[in-house]
Structures are given as C-alpha cells and as structure tokens.
There are 2 protein chains.
Amino acid sequence: MPTHTTDEPQGGLPRNYLRATLLLLIGEAPAHGYDLLEQVAQLGLGKVDPGGLYRALRVMERDGLVGSTWEHSSAGPARRTYTLLPDGTDWLHAWAGALRESHRYLSIYLSRYDAIIERQNHPPVAPVENVPPGPPGPTP
Amino acid sequence: MPTHTTDEPQGGLPRNYLRATLLLLIGEAPAHGYDLLEQVAQLGLGKVDPGGLYRALRVMERDGLVGSTWEHSSAGPARRTYTLLPDGTDWLHAWAGALRESHRYLSIYLSRYDAIIERQNHPPVAPVENVPPGPPGPTP
DNA sequence: GCTCGGTAGGTGCACCGTACACTTATCTGC
DNA sequence: GCAGATAAGTGTACGGTGCACCTACCGAGC
C-alpha cells in the first residue's frame, strides 16, 4: 500500500510562504521568533511549526537578509530580535512581485472554477440526465 | 560555498498547483497530456516541465481522480485522453476551497506590503534620517 | 530508404521546503 | 521544587518540483 497517495489538500499555500511572510512582518517592525510565531498564526495561517520558523530565520540571517541581536528581557528567557537588512528589503520587494503574480493566477483559476460550477447549474442545452424535452406522456 | 542558499524567488506559486490546475482543465474539458501542457503554459505559468505533468497525471489516475483512454489518432502518435472522475470532482472542489483561502491570504499579504511601501513614502513623523528639527544654520 | 522535426508520453534523480516530533533553557507562580 | 509559559532550537523523513534525458510514432524532404 502506498504510504501517502493524494492526501487532503492541506492548504495550497505558496511555496516559501514562510520566508515571505517573515520578511513582511520583520519589515513592518523588528520582532523576535516567538513573537513572529504568533503573528504568523494570526495572519490567516493557523498553527505554524516553530522549528521551521526558527530555521527559516537563521537561514535568512545566514544569507544576510535579516540581522539579529540578543535581548535579555527581565521577564523570561533571552530573545533574538530580528531586523530587516537592505538585502532583505530587496527580497521583500521581489517576493511581493512574485506573490502578486501568484495572486493574479489564483484569480484566474478561481474565476474559471466558478464558471464550471455555473455551467453545471445552468446547462446550455440538452440536459442529458433528466427532464427530457417535449410534452409528458406515457412511455412509448 | 553552500550550493543554493536563498536563490531568486522563482515564482511563489501554490504548492501542488500542478495537480490543481490539471484537475481544473480536465474538468473544463477532457484532454490529453500534450494538450494540457500547452494549456497550462498559456494559463499564466509559462513553460511547465513535461515530466512532472505526465507524472502528476499518472498519480492522479492511480488515485482514481481521473480516468484515461488511449486514442489512436490518424496523424501522430497515440494519445492518452484524460477525463474527470467523481473523486476528481470532489478534489477539484476541495482544491478550489483551499486556493480561495490562499487567495485571501495573498490579498492580506499584498495590502500589508503596500502599506509598508506607502509608509516609506509618507513617513508619519520625525524622519530620523535627515532634516533635523530646529532652525537651519551653517554646518558647524 | 533514411534522416529530421514535431507530436506524444515517459523515467531518473537530486534538491529543498515543509511537517512532525523532540529537546533545552529561563523565569514566574503555586 | 514543580508546572507552565516563554523562547529557541535540532533530527528526520516525506513529497513536489525542476532538470536532464529517453522512447516511440508519423509525415515531409533529400
């Protein structure tokens, strides 16, 4: 038996949506991982895997998109606060462009999907299934 | 040197966009692979890898989403024509729902991005960078 | 009759993002 | 001193995707 086949749709979110989202949020205001974790969750995508989030942040730091500084809060453990670097801003712009295209694509997709549904509700001619045309009468 | 780091955005298309798109197109009208290859390309996503497309079709057939029949055309090699099966229709609906959410998410993302850009053009107060407050005078 | 290019379908493979499970450390309140 | 919230990570396997490459059929042209 195949392990997985075609499972439930489970999202259909853009690829790399995590990086893109993190760049946006950090671009709005510097923040630390745990904070971003909650912000991301409230942004429409519930429950994000913390591991993936922290990993994404470190990769982006390694690549010079964001910078981090440790902040020793009086309450709770120390936190890493991330800020957007110039390269990160460039990337944010690039991502926004790509996502705008993706957004347009989804609009097309959904309108064509709606057209199919519409067509099913108002068949153009000869509804082969039921209600044959002509006056009702005893079956010949 | 790391092999890949954070490369160019390269799309940001939804995950599984290929299956979703194929289901939609086959739902509109039965078609064969090569045909779908061109339709998909014209749908906004240029140049799709044929291998992946054919593979996706076979997986979906294996999972009972689509059915196929060989058609021996008089001109050119035989072609496999795919039609949507009931399970495929269910999936199409599910995908459309997921993609609609994704579409909404992208709307939010883009409007927040635009807000950032806007904010950069019209800083709310005290543009920390230049133009210090106080009467202008000769540089000390 | 042989090659060339378009049509049609397919495999092998490696990369990388993601999801899931699990761990560590600090501080507050009971 | 233990539980639970805050905060940051690691290990790992899965699966979609992209790239490169291969087979087969058919008509046109040399």
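Residue numbers start from 1 in every chain, and the chains themselves are labelled A, B, ... in the order their sequence lines are given, proteins ahead of strands. Hydrogens, waters and symmetry mates play no part in the numbers below; they use all other heavy atoms, side chains included.
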Of all the heavy-atom pairs spanning [X] and [Y], show the shortest one and how long it is.
X      : Y     : result
A/T81  : A/P30 : CG2-CB, 4.2 Å
B/L53  : B/G33 : CD2-O, 3.7 Å
B/Y109 : A/A20 : OH-O, 2.9 Å

Rounded distance (Å) that lies between atom [atom2] of [N] and atom [atom1] of [X]:
X     : N      : atom1 : atom2 : value
A/L18 : C/dC16 : CG    : P     : 17 Å
B/W70 : C/dG9  : CH2   : P     : 6 Å
A/M60 : C/dG17 : CE    : P     : 11 Å
A/L36 : D/dA8  : CG    : C1'   : 12 Å
A/L57 : C/dT18 : CG    : P     : 12 Å
B/R19 : D/dG16 : CZ    : C1'   : 7 Å
B/L37 : D/dG18 : CG    : P     : 12 Å
A/H72 : C/dA25 : NE2   : P     : 16 Å

Problem set entry | Contact state string [nucleotides 19-27 of chain D, B base, S sugar-phosphate only, - no protein heavy atom under 4.0 Å] | B-----BSS
Under 4.0 Å between a side-chain N or O of [X] and OP1 or OP2 of [N]?
X     : N      : result
A/R15 : C/dT18 : no
B/Y34 : C/dG9  : no
B/Y54 : C/dG12 : no

For this session: Please assess A/R100 against B/D114 for the test salt bridge (charged side-chain N to carboxylate O under 4.0 Å, His left out), listing each intermediate value before the final yes or no.
Result: CA-CA 11 Å; A/R100 212 176 291 274; B/D114 291 340; 3.0 Å; yes
Exercise. Is it the case that one hydrophobic cluster holds both B/W95 and A/I117, taking links as side-chain heavy atoms less than 4.5 Å apart, direct or via other members?
Worked result: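 They do share one cluster, since a chain of ILVMFWY contacts under 4.5 Å joins B/W95 to A/I117.
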For this session: May I ask you to check whether B/Y17 and B/S102 show a side-chain donor-acceptor distance below 3.5 Å?
Result: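 The answer is no; no qualifying pair exists.
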Problem set entry | Heavy-atom donor-acceptor pair, B/R15 side chain to A/L13 backbone, under 3.5 Å |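 Yes; judged by distance alone, with no hydrogens or angles, the pair exists.
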